[in-house]
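Because the structure is predicted, anything quoted here is derived from the model rather than measured.
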Amino acid sequence: MKRVKLVVAYDGTAYHGWQIQPGAPTIEGELNRALGALLKEEIQVIGASRTDSGVHALCNVAVFDTDTCIPAEKIAYALNQRLPEDIKIQGSEEVEPDFHPRHCDSRKTYEYRILNAQFPLPTQRLYAHFTYVPLDVERMKQAARYLTGEHDFKSFCSTAVVVESTVRTIYQLTVERQQNEIIIQVCGNGFLYNMVRIIAGTLMEVGRGSMEPERVKEILDAKERKAAGPTAPACGLTLVKYEFL
């Protein structure tokens, strides 16, 4: 028996998130199906980040145990022949038997893309949130500074989730404009359910002038979901980097 780590990239548009759900297509379900067909074993992958419905990833991580004699580094090539075009393995390798991606110290980096233009672009409709309302990036940057560091992010978490702690650390949060696109990049030690999308929605409220940048500190202190801005649509969000420390 050996444990194999996969680096998984996917377009999440057609999927109901990472985690298996009855009667709905998911990334985890597709991986289990393809691995089972390849290895002739019942496989249950363990994912590092349980991305939401419609969210994309360049580098999510999953592990699974197998008795196969196929070299671990070759599994990526064979598995890609059995996966749909919107899910592809970027690498595979053998890891220690006790390696668990959710129990390791790590840093995740997400990007939220906003197409801020007069008209939408069809080629970006699945990968960026469109708004024609002008957004002031400098105001968004000012607001973002209040979110860096260790904080209780209860105001930036979906109320439907029960977790032991809502304290997380954001190492870096940047807001940059590249022509007609605004990119919010967030690096942290972990994220609550919908946390990045709520941060993006709140920063957009600041950018359009509906909220002052200083209001973000009050939102953190409130520890109430209703204090923050709306949850931004999933299509703009991509997991772009995963580092194990």
Side-chain angles (χ1 to χ4, degrees), residues 1-12 15 17-20 26-32 34-35 38-39 43-52 55-68 70-80 83 87-113 147-153 156-157 161 163-174 183-197 199-200 234 237-245:
M1 184 71 71
K2 61 186 175 185
R3 177 158 287 195
V4 177
K5 183 180 83 170
L6 304 174
V7 178
V8 191
Y10 49 86
D11 177 336
Y15 299 94
W18 173 275
Q19 196 167 9
I20 285 179
T26 65
I27 306 299
E28 185 178 24
E30 286 296 314
L31 289 174
N32 289 344
L35 283 165
L38 171 65
L39 304 175
I43 300 294
Q44 299 289 329
V45 300
I46 301 169
S49 184
R50 297 172 179 171
T51 50
D52 301 343
V55 174
H56 317 297
L58 302 181
C59 57
N60 207 345
V61 173
V63 298
F64 65 93
D65 296 323
T66 177
D67 288 319
T68 187
I70 301 174
E73 64 273 14
K74 299 294 185 183
I75 289 176
Y77 299 96
L79 189 56
N80 278 338
L83 285 168
I87 305 174
K88 291 300 175 186
I89 308 303
Q90 303 301 295
S92 57
E93 63 177 325
E94 186 170 354
V95 292
E96 294 297 321
D98 61 349
F99 175 80
H100 192 301
R102 292 202 298 272
H103 297 163
C104 299
D105 290 336
S106 63
R107 291 188 179 193
K108 303 175 189 177
T109 302
Y110 282 91
E111 279 187 356
Y112 195 88
R113 290 181 174 263
L147 296 171
T148 57
E150 183 180 83
H151 302 286
D152 186 335
F153 283 95
F156 294 87
C157 176
V161 175
V163 292
E164 289 184 7
S165 172
T166 49
V167 175
R168 297 292 186 273
T169 300
I170 290 182
Y171 302 112
Q172 188 175 39
L173 202 174
T174 60
I183 302 169
I184 300 169
Q185 188 173 92
V186 190
C187 174
N189 65 349
F191 296 94
L192 301 162
Y193 185 57
N194 284 344
M195 178 173 159
V196 179
R197 290 167 59 191
I199 287 174
L237 186 60
T238 302
L239 174 63
V240 297
K241 193 173 185 179
Y242 210 118
E243 302 168 272
F244 292 102
L245 305 177

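- Looking only at side-chain heavy atoms (C-beta outward), Gln172 and Thr148 stay at 4.5 Å or farther from each other.
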Practice problem: Take Leu35 and Leu6 through the test side-chain contact (heavy atoms from CB on, under 4.5 Å) and record every step on the way to the result. | Solution: CA-CA 11 Å; Leu35 283 165; Leu6 304 174; 4.3 Å; yes
Practice problem: Please assess Leu83 against Leu31 for the test side-chain contact (heavy atoms from CB on, under 4.5 Å), listing each intermediate value before the final yes or no. | Solution: CA-CA 7 Å; Leu83 285 168; Leu31 289 174; 4.1 Å; yes
Exercise. Evaluate the side-chain contact (heavy atoms from CB on, under 4.5 Å) criterion for residues Leu173 and Ile199: first the C-alpha distance (whole Å), next the side-chain angles of each, then the deciding distance (0.1 Å), finally the verdict.
Key: CA-CA 10 Å; Leu173 202 174; Ile199 287 174; 4.1 Å; yes
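- Within 6.0 Å of atom CZ in Phe244, more than 12 heavy atoms from other residues, nucleotides or ligands are found, so the atom counts as buried in its surroundings.
- A search for side chain to side chain donor-acceptor pair (under 3.5 Å) contacts involving Asn189 returns nothing, not counting sequence neighbours.
- The CG atom of Asp98 sits 11.5 Å away from the NE2 atom of His103 when rounded to the nearest 0.5 Å.
- The CD atom of Glu111 lies 9.5 Å from the CG atom of Leu237; values are rounded to the nearest 0.5 Å.
- With contacts defined as side-chain heavy-atom distances shorter than 4.5 Å, the pair Val55/Leu239 does not qualify.
- Between Pro101 and Val61, the closest heavy-atom pair is CB-CG1, 4.2 Å.
- Below 30°, between 30° and 60°, or above 60°: for Phe153 and His151 the angle between ring planes is above 60°, a perpendicular geometry.
- In plain terms, the two heavy atoms of Tyr171 and Thr169 that are nearest each other are CE2-CG2, 3.7 Å.
- A cation-pi contact, defined as under 6.0 Å to the ring centre and within 45° of the axis, is absent between Arg3 and Phe99.
- Under a 3.5 Å cut-off, the side chain of Thr238 and the backbone N or O of Val240 do not form any donor-acceptor pair.
- Across Asp65 and Met1, no two heavy atoms sit closer than the pair CB-SD, 3.6 Å.
- Val63 has its side chain out of reach of His100: every pair of non-hydrogen atoms, C-beta onward, lies at least 4.5 Å apart.
- Side-chain contact between Tyr10 and Glu30 is absent, with no heavy atoms from C-beta onward closer than 4.5 Å.
- In this structure a side-chain-to-backbone donor-acceptor pair under 3.5 Å is missing from Asn60 to Val8.
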Practice problem: Output, in order, the C-alpha distance, side-chain angles, deciding distance and verdict of side-chain contact (heavy atoms from CB on, under 4.5 Å) for Phe64 and Ile75. | Solution: CA-CA 12 Å; Phe64 65 93; Ile75 289 176; 4.1 Å; yes
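- No side-chain donor-acceptor contact under 3.5 Å links Gln185 to the backbone of Thr174.
- In terms of heavy-atom proximity, Ala76 sits nearest to Gly91 at CB-C, 4.1 Å.
- The distance from the CG atom of Leu147 to the CZ atom of Arg168 is 15.0 Å, given to the nearest 0.5 Å.
- Atoms NE2 and OG1, on His56 and Thr51 in that order, are 10.0 Å from each other to the nearest 0.5 Å.
- The nearest pair of heavy atoms linking Ala72 to Glu94 is CB-N, 3.3 Å.
- Here the closest heavy-atom approach between residue Ser165 and residue Leu192 is recorded as O-CD2, 4.0 Å.
- Summarising the geometry, atom CD1 belonging to Ile87 is positioned 4.0 Å from atom CD1 belonging to Ile27; distances are rounded to the nearest 0.5 Å.
- Rounded to the nearest 0.5 Å, atoms OG1 (Thr166) and CE (Met195) are 9.5 Å apart.
- Classified by interplanar angle (parallel below 30°, tilted 30° to 60°, perpendicular above 60°), the ring pair Tyr110/Phe191 is perpendicular.
- Between Lys108 and Val196, the closest side-chain pair of non-hydrogen atoms is not below 4.5 Å.
- For Lys241, the NZ atom is loosely surrounded, since the number of other residues' heavy atoms within 6.0 Å does not exceed 12.
- Put simply, the side chain of Tyr193 reaches to within 4.5 Å of the side chain of Asp52, judged on heavy atoms.
- Using a 4.5 Å cut-off on side-chain heavy atoms (C-beta onward), Leu38 and Ile43 make no contact.
- Under a 3.5 Å cut-off, the side chain of Asn80 and the backbone N or O of Ile89 do form a donor-acceptor pair.
- Considering only heavy atoms from C-beta on, Tyr242 comes within 4.5 Å of Ser106 through its side chain.
- In this view, Gln19 satisfies the side chain to side chain donor-acceptor pair (under 3.5 Å) rule with no residue, not counting sequence neighbours.
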